[in-house]
Amino acid sequence: SSYALPGSEGDAGDITIKAIDSVSVSDYYDAGQGNVYSSGIFSETSGKGKAGNISIETGKLSVLNNGPISTSTYEGSDGDGGNITIKAADTVSISGYHILGDYIFSSGIFSETSSGGKGGEITVSGQCIYLNDMGLISASSTGTGNAGNISISAGDIISVDNAFIETSSFESAGGNIKISGRDIQMTNGGWVSASVASGEGGGGNVDMDATTLAALESSAITARADMG
């Protein structure tokens with residue numbers, strides 16, 4: 001993890017991972033009494049500087065069983081979120097979740113801002129990209145900073161099966177989503193969504209480019225601005 005402390009002036013450091021074969025982020029530890037600690041890769045800022053970037057280049061990436069890759073800016077911070085860049089020569093797989101009380105914690109790739117700083121960009125590329133079993137790629141803002149954009153590209157297939165790709169904001173402009181692949185399949189309630197609740201900048205756009213695009217079994221593609 002990389003973290004800029006409250007009151008600090010400098011940026012958090014970048015995280016760069018290169019592995020020829022594979023990278024796996026998986027599992028969590030339930031300490032009881034509502035305390036759950038996830039294995040993960042994190043870049044965060046609570047200071048004036050930006051969060052560090054996360055870059056992973058590998059053959060296969062697996063994000064499983066509540067394991068997050070995340071960059072965040074917290075309330076009171078002036079810094080922007082770091083960017084997340086994933087480059088896989090073969091596959092990217094995101095799958096699994098954990099239920100704690102009334103909350104569901106998904107495995108996924110996350111860019112979050114709850115401050116005035118802009119959310120980080122998420123870029124994922126691979127030959128095949130699979131999201132299933134509540135897996136999530138999300139760029140969100142609950143502060144005044146704009147949500148980050150999401151860009152996903154695959155040489156072959158992108159599958160979203162009971163899983164989600166989304167940008168959302170409450171007080172700011174929503175992020176854009178761009179997805180490109182030869183075959184995009186959405187099944188079993190999978191969705192791609194760009195939404196804004198009350199931001200002045202409007203909701204984000206959804207741009208999907210494929211030879212074959214199928215959205216089946218209550219799957220949906222939405223771009224919505226409630227009051228933006």
Requested in this report: Look at the side chain of Ser219 and the backbone N and O of Gly190, then say whether any donor-acceptor pair between them is shorter than 3.5 Å.
Outcome: yes
Query raised in the report: What side chain to side chain donor-acceptor pair (under 3.5 Å) pairs are there with at least one residue in residues 82-97, not counting sequence neighbours?
Result: Ser95-Asn132
Query - Candidate pair Thr222 and Ser193, rule side-chain hydrogen bond (donor to acceptor under 3.5 Å, both in side chains), full reasoning - result: CA-CA 5 Å; Thr222 64; Ser193 172; 3.1 Å; yes
Report task. Kindly determine whether Ile179 and Ile184 satisfy side-chain contact (heavy atoms from CB on, under 4.5 Å), including the steps that lead there. Result -> CA-CA 9 Å; Ile179 302 174; Ile184 299 176; 3.8 Å; yes
Query raised in the report: Within the side chain of Asn66, is there an N or O that forms a donor-acceptor pair under 3.5 Å with the backbone of Asp27?
Result: no
Requested in this report: Considering non-hydrogen atoms only, spot the tightest contact between Thr167 and Asn176 and give its length.
Outcome: CG2-O, 4.1 Å
Query raised in the report: Do Phe110 and Ile54 share a hydrophobic cluster (ILVMFWY, side-chain heavy atoms under 4.5 Å, transitive)?
Result: no
Query raised in the report: Side chain of Ser107, backbone of Gly96: donor and acceptor closer than 3.5 Å?
Result: yes
Report summary line: So the side chain to side chain donor-acceptor pair (under 3.5 Å) pairs with at least one residue in residues 145-156 (sequence neighbours excluded) are Glu121-Asn149, Asp156-Arg182
Report task. Kindly say whether Met186 contributes a backbone atom to a donor-acceptor pair with the side chain of Ser159 at under 3.5 angstrom? Result -> no
Report task. Mind jotting down which residue pairs meet the ring pair (Phe, Tyr, Trp, His ring centres under 6.0 Å) criterion with at least one end in residues 111-152? Sequence neighbours excluded, please. Result -> none
Requested in this report: Would you give the length of the straight line joining atom CD1 of Ile86 to atom OG1 of Thr123, rounded to the nearest 0.5 angstrom?
Outcome: 9.5 Å
Query raised in the report: Is any side-chain heavy atom of Leu131 closer than 4.5 Å to a side-chain heavy atom of Phe164?
Result: no
Query - Side-chain donor-acceptor contact under 3.5 Å, Ser141 with Ser169 - result: no
Query raised in the report: Once you round to the nearest 0.5 Å, how far does OG1 of Thr45 lie from CG of Asp80?
Result: 9.5 Å
Query - Nearest heavy atoms of Ile177 and Ile165, plus distance in Å - result: CD1-O, 4.0 Å
Query raised in the report: Which pair of non-hydrogen atoms, one from Thr142 and one from Phe170, has the smallest distance, and what is that distance?
Result: CG2-CD1, 3.8 Å
Query raised in the report: Between Ile152 and Ile137, is a side-chain contact (heavy atoms from CB on, under 4.5 Å) present by the stated rule, with each step listed?
Result: CA-CA 10 Å; Ile152 300 171; Ile137 298 177; 3.7 Å; yes
Report summary line: All heavy atoms of Ile158 vs all of Ser180, minimum pair found to be CD1-O, 3.3 Å
Report task. Verify side-chain contact (heavy atoms from CB on, under 4.5 Å) between Ile94 and Leu136, making sure each step is shown before the conclusion. Result -> CA-CA 7 Å; Ile94 301 173; Leu136 176 61; 5.9 Å; no
Report task. Report the C-alpha distance between Thr58 and Ile56 in whole Å, list the side-chain angles of each, state the deciding distance to 0.1 Å, and finish with yes or no for side-chain contact (heavy atoms from CB on, under 4.5 Å). Result -> CA-CA 6 Å; Thr58 187; Ile56 300 175; 4.2 Å; yes
Query raised in the report: Would a hydrophobic clustering, with Ile, Leu, Val, Met, Phe, Trp and Tyr connected at side-chain separations under 4.5 Å, put Ile15 with Tyr74?
Result: no
Report task. Please check if Met208 and Ile129 belong to a single hydrophobic cluster, counting links between Ile, Leu, Val, Met, Phe, Trp and Tyr side chain heavy atoms closer than 4.5 Å. Result -> yes
Requested in this report: Taking Ser62 for its side chain and Ser24 for its backbone only, find out whether a donor-acceptor pair lies under 3.5 Å.
Outcome: no
Report task. Spell out, as yes or no, whether a donor-acceptor pair under 3.5 Å connects the side chain of Ser111 to the backbone of Ala139. Result -> no
Report summary line: Correct closest heavy-atom pair for Ser72 and Ala51 would be O-CB, 3.9 Å
Report summary line: Taking every heavy atom of Met134 against every heavy atom of Ser106, the minimum-distance pair comes out as O-OG, 2.8 Å
